[in-house]
Number of protein chains: 2
Amino acid sequence: MTKSDPTPVSDRRGDILALATEAFVTHGYAGTSMADLARVIGIQKASLYHHFQSKQALFVACVTEGYEGTVRRLEAIRADASLSDPARIRAAMEEVYRINLTTPVGRMVTVIVEVAPTIPEVAQAFHGGFIARHYAIVTGMIEDGIARGSFAAIDTLGMQHLFFGPVITLALSREMTACFPDRDELYPVDRIRETHIDLILRLLTDRRASDGS
Amino acid sequence: MTKSDPTPVSDRRGDILALATEAFVTHGYAGTSMADLARVIGIQKASLYHHFQSKQALFVACVTEGYEGTVRRLEAIRADASLSDPARIRAAMEEVYRINLTTPVGRMVTVIVEVAPTIPEVAQAFHGGFIARHYAIVTGMIEDGIARGSFAAIDTLGMQHLFFGPVITLALSREMTACFPDRDELYPVDRIRETHIDLILRLLTDRRASDGS
DNA sequence: GTCTATATTTCGATAGAC
DNA sequence: GTCTATCGAAATATAGAC
């Protein structure tokens, strides 16, 4: 009972990562200096180097340590036996939209795109820890539905891209147009999401897809 | 006839923009210094400042002056009366894949995502000069097909995102994983493109879509 | 663990000769 | 238009006291 307090009085590392993530999302990687981060966190720059070896190490920690929750929630949806196969797909799509559009980790995509060419380690961590795992869970859900006869025998790789592509592009577009006054008219999230879900479900339940051409 | 030579002996500005674009795509905006650019181009850094006022001005020129050709080709496809409505959509999708995956301008998306938050002018130029125009042409093609009775009465905004989202995300994913040895297995362009085209055409010609719920 | 102060490097941009 | 040389600013990272 000496060290297992479930709610630590102050999770320094977690606090720093959360604030740093927010700053990176807002101003980009190159646009966020260690001095900026120190100011936002409320400590001195040198103190930051006590917690993290370098700016790059701090950023990699933001990327890798922010993903745990998102994957678990998707897996829970896949394992939820109370849902029908179409309802499960709908729940998964709503969760994927939520992750990519509203959580700090999801919105990090823009920054990861920026950093990936110069720090391949980031591309590796992002792909292996986030993208590939989300893809695998959703593809598994589709295969489950096909095996049960709920869905047509469709190309799962193609469906994967139809499933995630519009979400990721929408997240990027909205981050890029954050300064536009008419952003919500250009990219109305609710309408796009609902249409997207509707079309994906239509494809999955389309009997014509059964012909293996 | 004194100044209208159709093939200028040496298009300095065009050469510089082409080489700079290639460098930006490979190393990102922050990762490409003016010294790097000067070395690639084969002149001194100071000479670069004779052609362009600043690094930012050079980059904006790369973005805006690279788009002209891509829009014209898409418009030509829309105006091609020899194509059936589905064949036109197919041709447009192949062209959009080609633009985003193989041309330097298309591959600039990664860099534009990086720069947009700090240089809103870039986001404006990119959206107005590239994205919005491509969206408008394709949406027009779909509306033409609906008007002629070739396509179902479908939500064109939703189709827009289903049309472009997977392409743009694929382009980003491939740029980000350029250093992966198994990139072509993770993101096999030909297979993804063909499945995507097939599914889009299936949705457009699906009679069930006619019910305006 | 946090602070003040500073070292070191890199980069964007300019001056001025040719 | 291109060059050599350099300025000035900003950022990463470190030294060492408390």
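Letters A, B, ... are given to chains in the order of the sequence lines, protein chains preceding strands, and every chain is numbered from 1.
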Qualifying residues under side chain to side chain donor-acceptor pair (under 3.5 Å), relative to Asp190(B), sequence neighbours excluded: Arg193(B)
Pairing residues for Asp36(B) by the side chain to side chain donor-acceptor pair (under 3.5 Å) criterion, not counting sequence neighbours: Ser33(B), Arg39(B)
Distance in angstrom units between [X] [atom1] and [N] [atom2], rounded:
X	N	atom1	atom2	value
Phe52(B)	dG12(C)	CZ	P	15 Å
Ile43(A)	dT2(C)	CD1	C1'	8 Å
Leu48(B)	dC11(C)	CG	P	14 Å
Ile16(A)	dG1(C)	CD1	C1'	11 Å
Gln44(A)	dG16(D)	CD	C1'	15 Å

Carboxylate-amine/guanidinium proximity below 4.0 Å for Arg191(B) and Asp155(A): yes
Hey, is the side chain of [X] poking within less than 4.0 Å of OP1 or OP2 on [N], counting only N and O atoms?
X	N	answer
His50(A)	dC3(C)	no
Ser47(B)	dG1(D)	no
Arg13(A)	dG1(C)	no

Closest to side chain of Ala46(B), choosing from dT4(C), dT2(C), dA15(C): dA15(C)
Partner set under ring-ring contact (aromatic ring centres under 6.0 Å, His included) for Phe151(A), not counting sequence neighbours: none
Let me have the donor-acceptor pairs involving side chains of residues 119-137 of chain B, under 3.5 Å, with sequence neighbours excluded, atom names and distances please.
residue   : atom : partner   : partner atom : Å
His127(B) : NE2  : Tyr187(A) : OH           : 3.2
Arg133(B) : NH1  : Gly129(B) : O            : 3.4
His134(B) : NE2  : Thr70(B)  : OG1          : 3.3

For nucleotides 9-13 of chain D, give me every protein contact, N/O to N/O, under 3.5 Å, one pair per line with atom names.
residue : atom : partner  : partner atom : Å
dT12(D) : OP1  : Lys55(A) : NZ           : 3.0
dT12(D) : OP2  : Met34(A) : N            : 2.9
dA13(D) : OP2  : Tyr49(A) : OH           : 3.0
dA13(D) : OP2  : Lys55(A) : N            : 3.1
dA13(D) : N6   : Lys45(A) : NZ           : 2.9

Qualifying salt bridge (charged side-chain N to carboxylate O under 4.0 Å, His left out) pairs, either residue in residues 60-76 of chain B, two or more places apart: Arg13(B)-Glu65(B), Arg73(B)-Glu95(B)
